[in-house]
J.: 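Mind looking over this structure? Questions follow.
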2 protein chains.
Amino acid sequence: MRIDELDAKIVRLFTEEQRMSVLEASRLLKVARATVQARLDRMTGNGVIGRWVPQPEPRAFGFPVVAFCFLTINQDLGHDAVSKALGDIPEVIEVHTVSGDSDLLARVAARSNSDLQRVLDIMMATRAVVRSSTVIVLNTHFEGRTLPLLEAAART
Amino acid sequence: MRIDELDAKIVRLFTEEQRMSVLEASRLLKVARATVQARLDRMTGNGVIGRWVPQPEPRAFGFPVVAFCFLTINQDLGHDAVSKALGDIPEVIEVHTVSGDSDLLARVAARSNSDLQRVLDIMMATRAVVRSSTVIVLNTHFEGRTLPLLEAAART
DNA sequence: GCGATCCTGAGCAGAATGCGCAGTGCATGT
DNA sequence: ACATGCACTGCGCATTCTGCTCAGGATCGC
């Protein structure tokens with residue numbers, strides 16, 4: 001879908017100041033309020049704006065440890081069944097099927113490094129996971145930074 | 001920070017229906033409006049609710065390919081300088097310092113598999129990255145799913 | 001030229017917000 | 001038992017925003 005600079009500016013405004021109102025945004029951008037409304041409706045409608053919700057931050061409520069786990073799964077079950085089983089574990093934040101040596105890549109949160117061990121054990125206990133290889137995140141420089149890409153797409 | 005069930009219910013309401021108003025939420029939960037306001041202020045204040053912004057979805061505006069890149073960096077520069085250099089590339093969505101064989105883990109978006117090659121070349125061209133090993137995401141089962149963890153934390 | 005599409009400025013009723021305030025229930029510490 | 005602090009409650013008020021509509025004007029492709 002085509003994005004123009006106005007779209008990007010609207011998203012930037014609502015990103016930088018989440019108390020922004022549609023009316024206020026229209027004033028700042030010097031366009032009609034209905035225009036901002038229409039752009040937002042269009043972008044939310046076709047998925048350019050996926051989620052616009054309060055994102056709980058695990059590190060802020062007792063889960064400061066993040067790790068990425070490469071999983072080799074039980075092929076008898078299939079990817080979907082395994083990802084469903086992993087979905088029942090609240091510590092599992094994210095699951096992808098990936099290329100390469102492993103089958104799945106999962107992002108998990110934990111209370112501590114030893115608690116991470118507990119989470120890994122839970123994953124193995126589902127019998128869906130045969131082998132796992134874990135990489136621990138030591139420092140997050142940034143994440144979820146999709147706005148620059150949107151702005152780059154707007155300029156083309 | 002301590003989270004209780006009311007906190008989790010509030011976040012769930014605003015997550016499932018993003019047009020939810022504070023007033024409507026207070027009616028549904030049968031608590032005073034001021035209580036919902038106070039809980040939201042508290043959670044946004046101490047970071048439990050990190051971002052509450054429109055999240056652009058790269059796949060919806062021309063970047064359907066996602067990959068995770070393990071990077072070995074030029075040690076002379078240091079992690080921060082390298083992550084800053086990577087931050088200038090809009091296709092780089094996320095950067096972590098990680099344990100294990102590699103130094104950094106980056107999530108990148110691209111227009112296609114061959115476009116991914118272009119992005120990798122840009123990263124290498126910064127001279128900050130010495131070696132890279134890439135895993136392509138074939139299918140995303142879920143991501144950003146932190147609400148179940150918040151609810152689990154609320155029950156303890 | 002002509003239609004389709006988008007933007008504009010305006011209006012209006014309804015709803016939500018920000019703010020303040022006094023009262024109440026509950027746990028804590030003395 | 002009592003005082004203190006804290007969170008929740010229910011209420012009201014002025015202000016602001018939203019959702020919706022509509023007619024007119026600009027732009028673009030054909």
Side-chain angles (χ1 to χ4, degrees), chain A residues 1-58 60-62 147 149-156, chain B residues 1-58 60-62 147 149-156:
Chain A
M1 180 223 171
R2 282 236 53 74
I3 303 293
D4 66 12
E5 303 242 11
L6 180 57
D7 292 318
K9 281 178 183 166
I10 290 171
V11 175
R12 172 166 284 280
L13 271 182
F14 281 88
T15 299
E16 291 182 341
E17 184 54 65
Q18 72 263 43
R19 294 186 171 281
M20 184 65 55
S21 70
V22 172
L23 186 57
E24 176 76 0
S26 73
R27 282 193 287 252
L28 290 174
L29 296 172
K30 303 195 193 307
V31 296
R33 178 171 67 105
T35 302
V36 178
Q37 296 270 28
R39 297 302 188 103
L40 280 176
D41 289 347
R42 188 169 53 93
M43 286 193 283
T44 53
N46 61 25
V48 170
I49 293 175
R51 51 183 86 181
W52 193 345
V53 297
Q55 270 289 341
E57 284 287 348
F61 58 90
L147 187 52
L149 189 57
L150 184 73
E151 293 177 328
R155 280 189 292 270
T156 59
Chain B
M1 181 222 170
R2 282 235 52 75
I3 304 293
D4 67 10
E5 304 241 12
L6 179 57
D7 292 317
K9 281 178 183 166
I10 290 171
V11 176
R12 171 166 284 279
L13 270 182
F14 281 89
T15 299
E16 291 183 340
E17 184 53 65
Q18 72 261 45
R19 294 186 172 282
M20 183 65 54
S21 69
V22 172
L23 185 58
E24 175 76 0
S26 73
R27 280 195 289 253
L28 290 174
L29 296 173
K30 302 195 193 307
V31 295
R33 178 170 66 105
T35 302
V36 178
Q37 296 272 26
R39 297 301 189 103
L40 281 177
D41 289 347
R42 188 170 51 93
M43 286 192 283
T44 53
N46 61 24
V48 170
I49 292 175
R51 51 184 85 182
W52 194 345
V53 297
Q55 270 289 341
E57 285 286 348
F61 57 89
L147 187 52
L149 189 57
L150 184 74
E151 293 177 329
R155 281 190 291 270
T156 60

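In what follows, chains are A, B, ... by sequence order, proteins preceding strands, each numbered from 1.
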J.: What is the distance, rounded to the nearest whole Å, between atom CG of Leu23(B) and atom C1' of dC11(D)?
T.: 13 Å
J.: Phe14(B) and Leu40(B): side-chain contact (heavy atoms from CB on, under 4.5 Å), yes or no, with the steps?
T.: CA-CA 10 Å; Phe14(B) 281 89; Leu40(B) 281 177; 4.0 Å; yes
J.: Do Thr44(A) and Gln18(B) have side-chain heavy atoms sitting under 4.5 Å apart?
T.: no
J.: Using whole Å, report how far CG of Leu6(A) lies from C1' of dC7(C).
T.: 10 Å
J.: What is the distance, to the nearest angstrom, from the CZ atom on Arg2(A) to the C1' atom on dT5(C)?
T.: 16 Å
J.: What integer distance in Å separates Glu5(A):CD from dC7(C):C1'?
T.: 18 Å
J.: Determine whether Asp7(A) and Phe61(B) make a side-chain contact, defined as any pair of heavy atoms from C-beta on separated by less than 4.5 Å.
T.: no
J.: How do Ala38(A) and Glu24(B) order along DNA chain C: which one's closest nucleotide is nearer the 5' end?
T.: Ala38(A)
J.: With the criterion being N/O to N/O and under 3.5 Å, what pairs connect the protein with nucleotides 19-23 of chain D, and how long is each?
T.:
from    : atom 1 : to       : atom 2 : distance (Å)
dG19(D) : OP1    : Arg19(B) : NH1    : 3.1
dG19(D) : N7     : Arg33(A) : NH1    : 3.2
dG19(D) : O6     : Arg33(A) : NH2    : 2.7
dC20(D) : N4     : Arg33(A) : NH2    : 3.0

J.: Could you tell me the separation between the CD1 atom of Ile3(B) and the CZ atom of Arg155(B), rounded to the nearest 0.5 Å?
T.: 13.0 Å
J.: Nearest 0.5 angstrom please: Arg39(A) CZ to Ile10(A) CD1, how far?
T.: 6.0 Å
J.: What pairs meet the side chain to side chain donor-acceptor pair (under 3.5 Å) rule with one or both residues in residues 26-37 of chain B, with sequence neighbours excluded?
T.: Glu24(B)-Arg27(B)
J.: Atom NZ of Lys30(B) and atom P of dG10(D): how far apart are they, to the nearest Å?
T.: 12 Å
J.: Do Arg2(B) and Thr156(B) have side chains that get closer than 4.5 Å, going by heavy atoms?
T.: yes
J.: Check this one for me: any side-chain N or O of Arg27(B) less than 4.0 Å away from OP1 or OP2 of dA16(C)?
T.: yes
J.: Roughly, in whole Å, what's the span from CE in Met20(B) to C1' in dA15(C)?
T.: 14 Å
J.: Just the rounded figure in Å: distance from C1' of dA16(C) to CG of Leu28(B).
T.: 15 Å
J.: Atom CZ of Arg42(A) to atom C1' of dC7(C): distance rounded to whole Å?
T.: 12 Å
J.: Is Arg39(B) close enough to dC8(D) that one of its side-chain N or O atoms is under 4.0 Å from OP1 or OP2 there?
T.: yes
J.: Any side-chain N or O of Thr35(B) under 4.0 Å from OP1/OP2 of dT9(D)?
T.: yes
